[in-house]
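Right, one structure below, let's go through it.
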Amino acid sequence: MEQRHLGRTGLRVSRIGLGTLTWGRDTEEHDAADMLKAFWEAGGTLVDTADVYGGGEAEYLLGRLMERLVPRRDLVISTKAGSVPDPGRRFDGSRGHLLAALDASLVRLGTDHVDLWHIHAYDTGTPLEETLQALDIAVASGRARYAGVSNFCGWQLAKAATWQLAAPGTRTRLASTQMEYSLLQRGVEREVLPAALDLEVGLLPSSPLGRGVLTGKYRHGTPGDSRGASEHLAPFVEPYLDDTATRIVDAVTTAADGLAVTPLQVALAWVRDRPGVTAPIVGARTAQQLTAALSVEALSLPDEICRALDDVSAPLHRYPDHDWSTL
């Protein structure tokens, strides 16, 4: 699998990442083992997790698999901290919480460092410079090699990245930002992606298949074994089952038929090759699904297909998101 530099850093990652959102909850150990092995054998390196996935079970499971299945040195482990199971406070970006969460992640993962550590979300209750100082401490202490943010809007990302660039050698440059991005969710193109491109921060798209909807599996109903039929994941899928999404999925299916490939491959290739994107994070339920996603490595979409998909999925951008002189 092709490797790409993450932002303006020397860190190289596979251009498709493996997500572990359901590990330890919906994905059992034998399925996770099959996926990790298939991913590794295909040349994949970037494995993404978080301290809250499965209540910590995802990290714990990944740590066990690295111990006996895939060499730690062959993987780029990315995890996140900052989300908390507190209905009164969804995010905690305080220095104390973040560093304690990182230490707990390292124990679960069975490693002395993670390759990439993300702040899971912006915490309005903590000064940003305090949150970012946790990244500096983590990298300076060797507990993380690189650092990034997740779910920061455009101005938040720009502020954080600029703050980190203000004192070279003292503060840790942001390597990446992780955001949802797909043909069904192009909101990052308004401000996040332009900021990331300007500041040379690599974008790691989550849910690149539109929460599974872009595979076409929901065109004629909700399969019983799908996330859309799952009690706790159905609300996650439901927003992308409207008429607008149906129109986009139909276009993806038409393109796939014309290219003799699958809708999954078309949707994943589109987001993988967007400007500023380093590696989409794919969260599969089975090794078979993951293998289908990894088969996109050999596919590059023709320019006319990309333009057609761009047109049918184009979000509404008006002042001031676009150059005012064109309005």
Within-4.5 Å side-chain heavy-atom neighbours: [X] and [Y]:
X	Y	value
V266	V261	yes
D250	R219	yes
R285	D31	no
F39	L294	yes
L204	D48	no
L197	P194	no
V282	P208	yes

[Y]/[X] salt bridge by N-O under 4.0 Å criterion:
X	Y	result
D310	R274	yes
E67	R72	no
R247	D242	no
E200	R173	yes
K37	D34	no
R90	D123	no

Assigning hydrophobic clusters by single linkage (Ile, Leu, Val, Met, Phe, Trp, Tyr; side-chain heavy-atom cutoff under 4.5 Å), is V107 placed with L102? no
Please check if V213 and I248 belong to a single hydrophobic cluster, counting links between Ile, Leu, Val, Met, Phe, Trp and Tyr side chain heavy atoms closer than 4.5 Å. yes
Is it true that a side-chain atom of [X] and a backbone atom of [Y] form a donor plus acceptor pair closer than 3.5 Å?
X	Y	result
S176	L203	no
E191	C153	no
S182	Q185	yes
E41	A38	no

Do [X] and [Y] have side-chain atoms, one donor and one acceptor, less than 3.5 Å apart?
X	Y	value
S150	H118	no
T79	E59	yes
R15	T278	no
R171	Q164	no

Got more than 12 heavy atoms from elsewhere within 6.0 Å of CD, E29? yes
Are more than 12 heavy atoms from other residues, nucleotides or ligands located less than 6.0 Å from atom CG of D86? yes
Between R145 and D112, does a salt bridge (Lys or Arg N to Asp or Glu O under 4.0 Å) hold up when you go through it step by step? CA-CA 11 Å; R145 298 294 191 255; D112 64 353; 5.1 Å; no
With rounding to the nearest 0.5 angstrom, report the [atom1] to [atom2] distance, [X] to [Y].
X	Y	atom1	atom2	value
L264	L209	CG	CG	5.0 Å
L132	T172	CG	OG1	9.5 Å
L128	Q133	CG	CD	11.5 Å

Hits for ring pair (Phe, Tyr, Trp, His ring centres under 6.0 Å) against Y122, two or more places apart or cross-chain, chain-then-number order -> F152, W155
For the residue pair R143 and W117, would you count it as a cation-pi contact if the rule is NZ or CZ under 6.0 angstrom from the ring centre and within 45 degrees of the ring axis? no
Given the ring of Y60, does R108 sit roughly above its face, with NZ or CZ under 6.0 Å from the centre of the six-membered ring and within 45° of the axis?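 R108 over Y60 ring: no.
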Taking all heavy atoms of D115 and all of L75, pick out the closest pair and write down the distance. OD2-O, 3.3 Å
Side chain to side chain contact (heavy atoms under 4.5 Å, CB included) between T126 and E130, intermediate numbers included: CA-CA 7 Å; T126 301; E130 178 182 336; 3.8 Å; yes
